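The structure appears right after this line, and notes come after that.
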There are 2 protein chains.
Amino acid sequence: MRRGVIEFCVLALLDRREHYGFELVQQLSRADGLLISEGTMYPLLSRLRRDGLVQTEWRESSAGPPRKYYRLTPTGSDALQRYRQQWELFRDAVDAIIDERQERHNESEQP
Amino acid sequence: MRRGVIEFCVLALLDRREHYGFELVQQLSRADGLLISEGTMYPLLSRLRRDGLVQTEWRESSAGPPRKYYRLTPTGSDALQRYRQQWELFRDAVDAIIDERQERHNESEQP
DNA sequence: AGAAGCTACCGTGTTACGCAAGGTACTGTG
DNA sequence: CACAGTACCTTGCGTAACACGGTAGCTTCT
């Protein structure tokens, strides 16, 4: 169901401020209906990096192992904007389909 | 982006009235953001049938080749209801994430 | 009558996403 | 010292969406 949308959500979160991977997993899992695992997140972040949508920076943590912080690039911002439009179109299209219950179609197609 | 949602939309359309495959492709493609091809639809319908969510019936057309009509089974109706709840959760979760722009988190996590 | 084009069905192979499972390493606690 | 928590990562699997190709009936045009 959420195929491709996780990428969108990650970009949206990174638009607010920079995050590290583990943190993103927690943020998204907090939201009902968006539970994801690390095995989903890290490959996704690698893809985003490979495609130049994010850039990374290692930083030490005062408690625990070092963290890899991700930040949006200009390319990433552009992609996010496109995703946003696409999402709204998509969301409204689905809502339209599931809302029109028992709509009367007078297209009885027998000539 | 629309992974898994097409199935949901097809069930929703079939909840209104029965349809044949080619018609479903056209209905969904009419909606912006839900363009799909026959190569997507027919395997999907086969899956739905295999899993008992729909039942089929061949019927002659007054113009053109015969059509295979699909109708929801009770199992399909149940699945649709579950999908509906799931979709609303999912949609609202995504909207929440992309709407809260620059939200102030006073969780500066350096102890 | 023949050719072209639309309708309507179906399957195969590829790609890529999400996930479960497993692995490494550092820090703090009992 | 062992264990739990944090934080990173990879491999392999299942499967959905798609491009592509194929079959066959009906209509239309010449």
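Within every chain, numbering begins at 1; the chains are lettered A, B, ... in the order of the sequence lines, protein sequences first and strands thereafter. In this text, all values refer to a predicted model and were calculated from it rather than measured experimentally.
Applying the salt bridge (charged side-chain N to carboxylate O under 4.0 Å, His left out) test to every pair with at least one member in residues 34-44 of chain B, sequence neighbours left out, gives no pairs at all. The side-chain hydrogen bond (donor to acceptor under 3.5 Å, both in side chains) analysis of residues 43-53 of chain A, with sequence neighbours excluded, yields the pairs A:R49-A:T56.
When rounded to the nearest whole Å, the span between CG of B:L35 and P of D:dC18 equals 9 Å. Rounded to a whole Å, the CE atom of B:M41 is 10 Å from the P atom of D:dA17. Between the CZ atom of B:R59 and the P atom of D:dG25 there is a distance of 21 Å, rounded to whole Å. Counting to the nearest Å, the P atom of D:dG5 and the CZ atom of A:R67 are 17 Å from each other. Between the C1' atom of D:dA16 and the CG atom of B:L53 lies a distance of 15 Å, rounded to the nearest Å. One atom, CD1 of B:I36, and another, P of D:dA19, lie 11 Å apart when rounded to the nearest Å. The distance from atom CD of A:E60 to atom P of D:dC8 is 13 Å, rounded to the nearest whole Å. Atom pair B:Q26:CD and C:dA8:C1' shows a separation of 10 Å (rounding to whole Å applied).
Under 4.0 angstrom from either OP1 or OP2 of D:dA7 there lies at least one side-chain N or O belonging to A:Y20.
Heavy-atom minimum distance, A:I97 versus B:A12: CG2-CB, 4.1 Å. The heavy-atom pair separating A:L14 from A:Y70 by the smallest distance is CD2-O, 3.3 Å.
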Show the distances under 3.5 angstrom between N or O atoms of the protein and N or O atoms of nucleotides 24-30 of chain C.
none

Just the atom pairs and distances: protein N or O near nucleotides 9-15 of chain D's N or O, under 3.5 Å.
residue: D:dC9; atom: OP1; partner: A:K68; partner atom: NZ; Å: 2.7
residue: D:dT15; atom: O2; partner: B:R3; partner atom: NH2; Å: 3.0

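Looking at residues two or more places apart in sequence or on another chain, you find a side chain to side chain donor-acceptor pair (under 3.5 Å) between B:D95 and A:W87, A:R91. Considering only residues two or more places apart in sequence or on other chains, B:T75 meets the side chain to side chain contact (heavy atoms under 4.5 Å, CB included) condition with B:L53, B:T73. By the salt bridge (charged side-chain N to carboxylate O under 4.0 Å, His left out) test, A:D92 is found to be paired with no residue, residues two or more places apart in sequence or in another chain being considered. Qualifying side chain to side chain donor-acceptor pair (under 3.5 Å) partners for B:Y83, counting only residues two or more places apart in sequence or in other chains: B:E7. Considering only residues two or more places apart in sequence or on other chains, B:Q55 meets the side chain to side chain donor-acceptor pair (under 3.5 Å) condition with none of them. Residues forming a side chain to side chain donor-acceptor pair (under 3.5 Å) with B:E57 (at least two apart in sequence, or on another chain): B:R59, B:R71.
A salt bridge links A:R17 to A:E23: at least one charged side-chain nitrogen sits closer than 4.0 Å to a carboxylate oxygen.
In the helix from C:dA1-D:dT30 to C:dG30-D:dC1, the end axes, each obtained as the rotation axis mapping the C1' atoms of four pairs onto the next four within a five-pair block, lie 0° apart to the nearest 10 degrees.
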